Amino acid sequence: MNANQPLAGIRVLDLTRNVAGPYASMILADLGATVIKVEHPDRGDDTRHWGPPFLEQESPVFLALNRNKESITLDLAQPEAREIAARLVRTADVLLESFRPGALDKLGYGPEWAQALNPALIYSRITSYGHAGPLRDRPGYDPLMQAFAGLMRVTGEEGRPPVRVGFSVIDMGTGMWAALAILAALYRRRSTGQGERIITSLYETALAWAMVPLATFMVSGEEPRLWGSAMGTVVPNRAFPTRDGYLVISIGNDKLFQRFCLALGHPEWAEDARFRYNPDRVQHRDMLDDLITAITQGWSKGELAERLVREGVPCNPVRTLAEVAADEQAAALGVFQQPPDGPFSSLPLVSLPLITADGRAAVRMAAPGLGQHNVDVLRRLGYAEEEIARLLRSPAMSPGTG
């Protein structure tokens with residue numbers, strides 16, 4: 001641990017799994033918090049098994065989301081787990097959980113129990129649909145929320161089946177909100193000395209991401225068209241075909257449109273009453289897109305991008321993941337980091353997208369093996385060696401014995 005990191009000395013008890021909770025605790029861990037990840041002895045976090053592919057029997061999903069953490073095994077349904085959990089709670093600053101609605105409370109590990117043991121504890125609960133309403137007890141997953149909040153209704157192309165964003169944008173967004181709320185609670189605790197309870201949900205995150213489409217609908221009263229790579233309110237702003245792929249061109253104002261027309265050799269477009277201002281271009285979208293496509297498809301994406309960039313026109317090629325992984329800009333920023341020597345050191349991980357006074361948050365440890373830190377954590381909790389040996393064999397911590 002780097003004592004200069006922003007969250008050095010903060011201890012997080014992580015009772016989450018899958019994506020949203022682990023992403024929240026990963027943010028805290030990257031910023032210097034000590035995160036103890038509690039996993040069931042038999043299988044651990046579900047994401048350990050989300051594959052293929054696998055690297056040394058672990059999935060890339062798990063490895064990406066659980067760096068800089070310690071792992072202990074604990075079956076909370078076992079009586080012997082209760083004292084271990086109590087010691088963990090007493091020494092924690094933050095408890096983060098994402099159990100199915102009511103499941104942790106039924107086991108007797110809800111916020112009342114935790115904060116009775118540690119009044120300064122920040123108890124953060126990640127839910128599917130939030131703390132109230134008719135759906136509060138339903139389980140939920142990322143694709144369900146993209147559908148339910150209308151995001152699939154604004155993603156994709158006309159006449160095609162619904163499309164989800166190609167990664168767990170709702171899960172990871174919820175993890176970001178949880179981490180943000182935890183940081184705010186830690187800041188407030190400095191003056192009050194008191195803990196608090198935080199609730200975030202996948203559904204509310206999905207609604208937050210749908211904020212602009214919802215506002216647009218509420219003004220117009222009309223369901224939006226599906227625009228593919230384009231936008232309904234800004235033109236031109238989409239992927240245009242070239243000889244060897246697609247180039248996304250984004251024209252955010254009328255001055256940029258003038259430069260764009262000049263770069264393509266058609267300055268007269270900028271004076272055409274059908275295209276002069278953005279509302280005009282939106283109205284005559286199909287006509288303008290056809291004119292632009294007739295030119296772009298005669299260029300390679302590299303040649304066209306170079307020409308547009310020279311004129312100050314924003315554009316980027318649609319790249320493969322192989323191209324992204326080898327990107328010079330990402331390398332210059334130090335975004336990709338590899339764990340220290342070990343079985344997972346060959347996998348570069350994307351670091352937090354922020355720079356603090358200490359520089360970029362480092363990948364200090366690869367994701368842990370299941371129960372890798374059982375002994376270390378139990379020692380820190382004050383257990384004697386013979387008691388540790390007994391607990392490691394008990395149904396509370398040993399796989400297949402519960």
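What you see below is based on every heavy atom in this structure, not just the backbone, and it leaves out hydrogens, waters and symmetry mates. Computed from a predicted structure; not experimentally measured.
The stretch residues 99-126 participates, sequence neighbours left out, in these salt bridge (charged side-chain N to carboxylate O under 4.0 Å, His left out) pairs: Glu97-Arg125, Asp105-Arg125, Glu112-Arg197. For the side-chain hydrogen bond (donor to acceptor under 3.5 Å, both in side chains) condition, the pairs that include at least one residue of residues 223-237, sequence neighbours left out, are Asn237-Ser250.
In this structure, Gly252 and Val234 approach most closely via the heavy-atom pair CA-CG1, 4.3 Å. In terms of heavy-atom proximity, Cys261 sits nearest to Trp269 at SG-CB, 3.6 Å. Contact record, Leu15 with Phe99: O-CE1, 3.3 Å, taken as the closest heavy-atom pair. The two residues Thr174 and Ala20 make their nearest non-hydrogen contact at CB-CB, 4.2 Å. Shown here for Leu76 and Ala81, the closest heavy-atom pair between the two residues is CA-CB, 4.0 Å. Here the closest heavy-atom approach between residue Arg67 and residue Met365 is recorded as CB-O, 3.4 Å.
Side-chain contact check for Ile84 versus Val377: every heavy-atom pair is 4.5 Å or farther apart. Residues Val219 and Thr216 fail the side-chain proximity criterion, which asks for heavy atoms closer than 4.5 Å. Proximity of Thr34 to Ile10: side-chain heavy atoms (C-beta onward) are nowhere separated by under 4.5 Å. Looking only at side-chain heavy atoms (C-beta outward), Thr127 and Ile199 come within less than 4.5 Å of each other. Residues Trp209 and Leu151 form a side-chain contact, since some pair of their non-hydrogen atoms from C-beta on lies under 4.5 Å apart. With contacts defined as side-chain heavy-atom distances shorter than 4.5 Å, the pair Arg138/Tyr129 qualifies. The side-chain heavy atoms of Val38 and Leu13, taken from C-beta on, include a pair separated by under 4.5 Å. Side-chain contact between Pro236 and Phe257 is present, with at least one heavy-atom pair separated by less than 4.5 Å.
The aromatic rings of His284 and Phe275 stand perpendicular to each other, their planes meeting at an angle above 60°, with 30° marking the opposite boundary. A perpendicular orientation is assigned to the rings of Tyr109 and Trp113, their planes being inclined by more than 60° (bins at 30° and 60°).
Checked options Lys37, His40, Arg17; the residue passing with Asp45 is Lys37 (criterion: side-chain hydrogen bond (donor to acceptor under 3.5 Å, both in side chains)).
Under a 3.5 Å cut-off, the side chain of Asp14 and the backbone N or O of Pro22 do not form any donor-acceptor pair. With Arg285 contributing its side chain and Arg281 its backbone, the two residues share no donor-acceptor pair below 3.5 Å. Formation of a donor-acceptor pair under 3.5 Å by the Arg360 side chain with backbone atoms of Leu333 is found in this model. Proximity of a side-chain donor or acceptor of Asn278 to a complementary backbone N or O of Val235 within less than 3.5 Å is detected. A donor-acceptor pair is defined here as one N or O able to donate and one able to accept, closer than 3.5 Å; no such pair exists between the side chain of Glu157 and the backbone of Leu226. Between the Arg11 side chain and the Thr91 main chain, a donor and an acceptor come within less than 3.5 Å of each other. In this structure, Asn66 contributes its side chain and Ala367 its backbone to no donor-acceptor pair below 3.5 Å. In this structure a side-chain-to-backbone donor-acceptor pair under 3.5 Å is missing from Thr47 to Trp50. Between the side chain of Glu204 and the backbone N or O of Ser128 there is no donor-acceptor pair closer than 3.5 Å. When atom types are taken as modelled, the side chain of Thr296 and the backbone of Pro241 share a donor-acceptor pair closer than 3.5 angstrom.
The side-chain tip of Arg238 points at the ring of Phe240 from less than 6.0 angstrom away and within 45° of straight on. Remark: Arg48 is positioned above the aromatic ring of Phe62, its terminal NZ or CZ atom under 6.0 angstrom from the ring centre and at most 45 degrees off the axis.
By the 6.0 Å contact criterion, NE2 on His49 is enclosed, its count of non-hydrogen atoms from other residues, nucleotides or ligands being greater than 12. For OH of Tyr141, the number of neighbouring non-hydrogen atoms (other residues, nucleotides, ligands) closer than 6.0 Å is 12 at most. More than 12 heavy atoms of other shown residues, nucleotides or ligands fall within 6.0 angstrom of atom CZ in Arg390. In Leu354, the CG atom is crowded: over 12 heavy atoms of neighbouring residues, nucleotides or ligands sit closer than 6.0 Å. Counted within 6.0 Å of CZ on Phe54, heavy atoms from surrounding residues, nucleotides or ligands total more than 12; the atom is thus considered enclosed. For Met176, the CE atom sits in a loose shell: 12 or fewer heavy atoms of surrounding residues, nucleotides or ligands are nearer than 6.0 Å. Atom CZ of Arg243 sits in a crowded spot, with more than 12 heavy atoms from other residues, nucleotides or ligands closer than 6.0 Å. Heavy-atom contacts from other residues, nucleotides or ligands closer than 6.0 Å to CD of Glu328 number 12 or fewer.
A salt bridge is defined here as a Lys NZ or Arg NE, NH1 or NH2 lying under 4.0 Å from an Asp or Glu carboxylate O, and Glu39 with Lys69 fails to meet this definition. Under 4.0 Å is where a charged nitrogen must lie from a carboxylate oxygen, and between Asp280 and Arg274 no such pair does. Ion pairing between Asp327 and Arg319 holds under the 4.0 Å rule for side-chain N and carboxylate O. A salt bridge between Arg276 and Asp254 is absent, with no side-chain N of the basic residue lying under 4.0 Å from a carboxylate O of the acidic one.
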Compile the donor-acceptor pairs under 3.5 Å between side chains in residues 299-314 and protein atoms, sequence neighbours left out, one pair per line.
residue : atom : partner : partner atom : Å
Ser300  : OG   : Glu303  : N            : 3.1
Ser300  : OG   : Glu303  : OE1          : 3.2
Glu303  : OE1  : Ser300  : N            : 3.4
Arg307  : NE   : Ala263  : O            : 2.4
Arg307  : NH2  : Ala263  : O            : 3.2

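A distance of 12.0 Å separates OG1 in Thr205 from CD in Gln146, rounded to the nearest 0.5 Å. We find the CG-CG distance between Leu28 and Asn68 to be 11.5 Å, quoted to the nearest 0.5 Å. One distance of note links OG of Ser345 with CD of Gln338; it measures 7.0 Å at 0.5 Å rounding. The structure places CD of Glu56 at 11.5 Å from CG of Leu347, a figure rounded to the nearest 0.5 Å. Distance check, rounded to the nearest 0.5 Å: CG of Asp93 to CG of Leu186 gives 6.5 Å. One distance of note links CG of Asp289 with CE of Met287; it measures 11.0 Å at 0.5 Å rounding.
For Tyr203 and Phe148, the distance between ring centers is under 6.0 angstrom.
Partners of Arg259 according to the salt bridge (charged side-chain N to carboxylate O under 4.0 Å, His left out) rule, which considers only residues two or more places apart in sequence or in another chain, do not exist here. Checked against side chain to side chain contact (heavy atoms under 4.5 Å, CB included), Ile388 has the following partners two or more places apart in sequence or in another chain: Val375, Leu378, Arg379, Tyr383, Glu385, Leu392. Under the salt bridge (charged side-chain N to carboxylate O under 4.0 Å, His left out) criterion, Asp137 pairs with no residue, sequence neighbours left out.
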Problem set entry | Worked check of side-chain contact (heavy atoms from CB on, under 4.5 Å) between Ile295 and His266 | CA-CA 10 Å; Ile295 294 175; His266 286 276; 3.2 Å; yes
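Counting only N and O atoms by type, the side chains of Thr73 and Asn374 include a donor and acceptor under 3.5 Å apart.
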